[in-house]
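Notes follow the structure.
Chain naming here is simple, since letters A, B, ... match the order of the sequence lines and numbering starts at 1 in each.
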Number of protein chains: 2
Amino acid sequence: MGTTQLETVPEPKYWHLRTVLSEALDSEFSVGEILPNERDLAARFGVARATLRQALEQLELEGRLQRRRGVGTTVAPPRMGVSVGTARHAWPGGPNDAWQAHDCALEVPPAAVAETLVTGRDEPVHVVRRSRVSRGQPVAAELLYIPAGSVPDLTAIDAPSGTARARAVLRELQRLELERQENAVELGSARADDAKELDRLPGAPVLVVTTRFLSRGRTAALSVATYRADTCRLTFGDSGGVEIHHGPERHAS
Amino acid sequence: MGTTQLETVPEPKYWHLRTVLSEALDSEFSVGEILPNERDLAARFGVARATLRQALEQLELEGRLQRRRGVGTTVAPPRMGVSVGTARHAWPGGPNDAWQAHDCALEVPPAAVAETLVTGRDEPVHVVRRSRVSRGQPVAAELLYIPAGSVPDLTAIDAPSGTARARAVLRELQRLELERQENAVELGSARADDAKELDRLPGAPVLVVTTRFLSRGRTAALSVATYRADTCRLTFGDSGGVEIHHGPERHAS
DNA sequence: CAGTGGTCTAGACCACACG
DNA sequence: GTGTGGTCTAGACCACTGG
């Protein structure tokens with residue numbers, strides 16, 4: 001007789017809470033608005049903070065919320081469509097390729113990368129770090145692996161590393177007739193360095209896009225780009241992307 | 001001198017634990033092997049079970065582990081490459097399209113879908129449910145939205161719903177000259193029905209692929225497919241996909 | 001400084017699979 | 001039944017942001 005089980009829900013609390021909050025976001029909040037803090041929300045719904053957080057995590061994963069330590073939880077705008085298609089302008093080193101080169105170093109790539117590049121183990125390759133910004137916020141961090149054989153004319157460049165070196169490598173790469181071979185997308189979690197670049201915490205969910213570029217039948221470069229999964233919708237094909245978003249959206253007035 | 005801080009780690013415990021476990025998986029475990037249970041593991045590492053679980057969740061998200069209630073935690077095989085490219089055989093209703101039709105109903109689609117289909121609000125459309133199996137396990141659940149206008153010759157079909165109806169709709173669709181227009185990929189969490197189909201719990205991370213099909217310039221169908229994010233690597237392009245998997249040495253730099 | 005989200009603990013009970 | 005992972009609690013302290 002002690003049970004206070006007013007509602008027989010085989011559904012977990014956090015999942016039900018997610019639904020309730022999701023509907024509240026649609027009807028009672030506008031983009032950018034700040035939610036009550038977690039302790040207040042938990043008290044309001046009569047659950048432990050950990051349970052409330054489980055619901056918030058779900059909503060953040062779905063791109064509905066944005067949480068920042070020391071600041072608060074805000075309603076996120078609809079995900080932005082980010083083109084990862086075959087458009088010419090997306091070519092590495094091409095004009096207006098949406099990427100900003102940061103750095104370049106000669107490093108030994110991970111085993112899986114070396115395998116795809118068909119280079120020897122422990123054979124260093126050029127690694128160009130680039131980042132991509134869209135609508136004022138960072139959306140992707142990329143590592144471009146380029147075998148030394150792909151850009152043989154680099155002896156003329158004196159800069160051993162740094163931005164200048166990165167641009168030089170890209171310039172050389174651009175002279176090749178690159179052909180995009182394949183893409184793959186999978187879920188991953190941001191490594192510490194990527195997380196910093198993406199303004200997220202380590203372990204944040206990311207969409208990892210790997211692309212292989214061919215030149216005269218050989219693998220000339222391999223790109224591993226990590227996109228923020230919470231804010232990005234990846235679009236393939238040359239157009240901007242379908243405008244599909246979830247639920248009604250109200251904007252601050 | 002009183003600090004027992006043997007290691008000055010600004011790193012969270014669960015993240016460090018994730019790394020340790022990840023390396024252990026590479027060197028000491030083989031695919032399919034069962035890990036010790038969570039209580040034992042937590043005790044072994046001297047952390048609370050919740051913390052240990054946080055690390056396991058990360059590894060599951062990355063496709064390294066598979067956890068099943070009542071059974072245990074096992075080492076997952078490398079993610080399988082699943083083609084979502086433009087290959088002919090992937091056409092809805094085409095022969096060997098890798099999909100199995102389950103059901104069909106006339107329903108009012110979500111607002112976002114109706115918008116893309118350019119149908120009126122509250123106007124019902126055919127909704128075909130399909131599922132996709134690869135290597136013996138379910139990898140995707142799909143909802144195919146087809147405006148009634150796309151398949152006008154369905155009055156001859158008497159089955160109001162069910163598998164027969166679904167196949168009939170697909171057969172009609174196949175007679176159109178479909179043109180794949182766009183794809184988008186984003187992270188989502190499995191709804192209850194999808195989760196059941198994918199043999200996962202509600203809220204499990206999924207990759208949502210939306211595809212628009214055109215016929216004579218009009219949107220003839222819209223596919224919303226949810227793929228298991230833990231087991232699948234989506235490949236675009238007509239070939240099988242690059243064989244990139246996470247071996248030992250996942251981390252660069 | 002005060003307030004926020006992030007991490008962590010030590011328990012408890014539940015839902016499920018399997019013998 | 002036993003044993004597993006899944007959910008939930010009520011606290012505590014930490015790391016960060018901003019006034």
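- The side-chain hydrogen bond (donor to acceptor under 3.5 Å, both in side chains) check on B:Thr73 picks up nothing, with sequence neighbours excluded.
- Listed by chain and number, the residues in a side-chain hydrogen bond (donor to acceptor under 3.5 Å, both in side chains) with A:Thr226 amount to none (sequence neighbours excluded).
- With sequence neighbours excluded, the residues that form a side-chain contact (heavy atoms from CB on, under 4.5 Å) with B:Gln137 are B:Met80, B:Arg228, B:Thr231.
- Summary of the strand contacts: B:Arg67 and A:Ala48 both lie near DNA chain D, and taking for each the nucleotide with the nearest heavy atom, the more 5' one is attributed to B:Arg67.
- We find that OH of B:Tyr14 is positioned 17 Å from P of C:dG5, with the value rounded to whole Å.
- Mapping A:Arg53 and B:Val71 onto DNA chain C by nearest heavy atom places A:Arg53 at the nucleotide closer to the 5' end.
- Taking B:Ala225 as the reference, B:Trp99, B:Glu142, B:Ser223, B:Tyr227 meet the side-chain contact (heavy atoms from CB on, under 4.5 Å) condition, with sequence neighbours excluded.
- The stretch residues 34-44 of chain A comes close to DNA chain C through A:Asn37, A:Glu38, A:Arg39, each having a heavy atom under 4.0 Å from the strand.
- Here B:Ser27 pairs with nothing under the side-chain hydrogen bond (donor to acceptor under 3.5 Å, both in side chains) rule; sequence neighbours left out.
- Partners of B:Arg39 according to the side-chain contact (heavy atoms from CB on, under 4.5 Å) rule, which considers only residues two or more places apart in sequence or in another chain, are B:Asn37, B:Arg49.
- Listed by residue number, B:Leu201 are the residues of residues 189-202 of chain B with a heavy-atom contact under 4.0 Å to DNA chain D.
- The side-chain contact (heavy atoms from CB on, under 4.5 Å) check on B:Gln58 picks up A:Ser189, B:Tyr14, B:Trp15, B:Arg18, B:Glu62, with sequence neighbours excluded.
- B:Asp193 is linked by a salt bridge (charged side-chain N to carboxylate O under 4.0 Å, His left out) to B:Arg129, B:Arg191, counting only residues two or more places apart in sequence or in another chain.
- Here the range on DNA chain D touched by chain B, meaning any atom under 4.0 Å from one of its heavy atoms, is D:dG3 to D:dT7.
- Within the 3.5 Å criterion, the main-chain N or O of A:Ala48 finds no donor-acceptor partner in the side chain of A:Arg53.
- Every residue meeting the side-chain hydrogen bond (donor to acceptor under 3.5 Å, both in side chains) condition with B:Arg67, not counting sequence neighbours, appears here in chain and number order: B:Glu38, B:Glu60.
- A:Arg49 comes within contact range of at least one nucleobase, with a heavy-atom separation under 4.0 Å.
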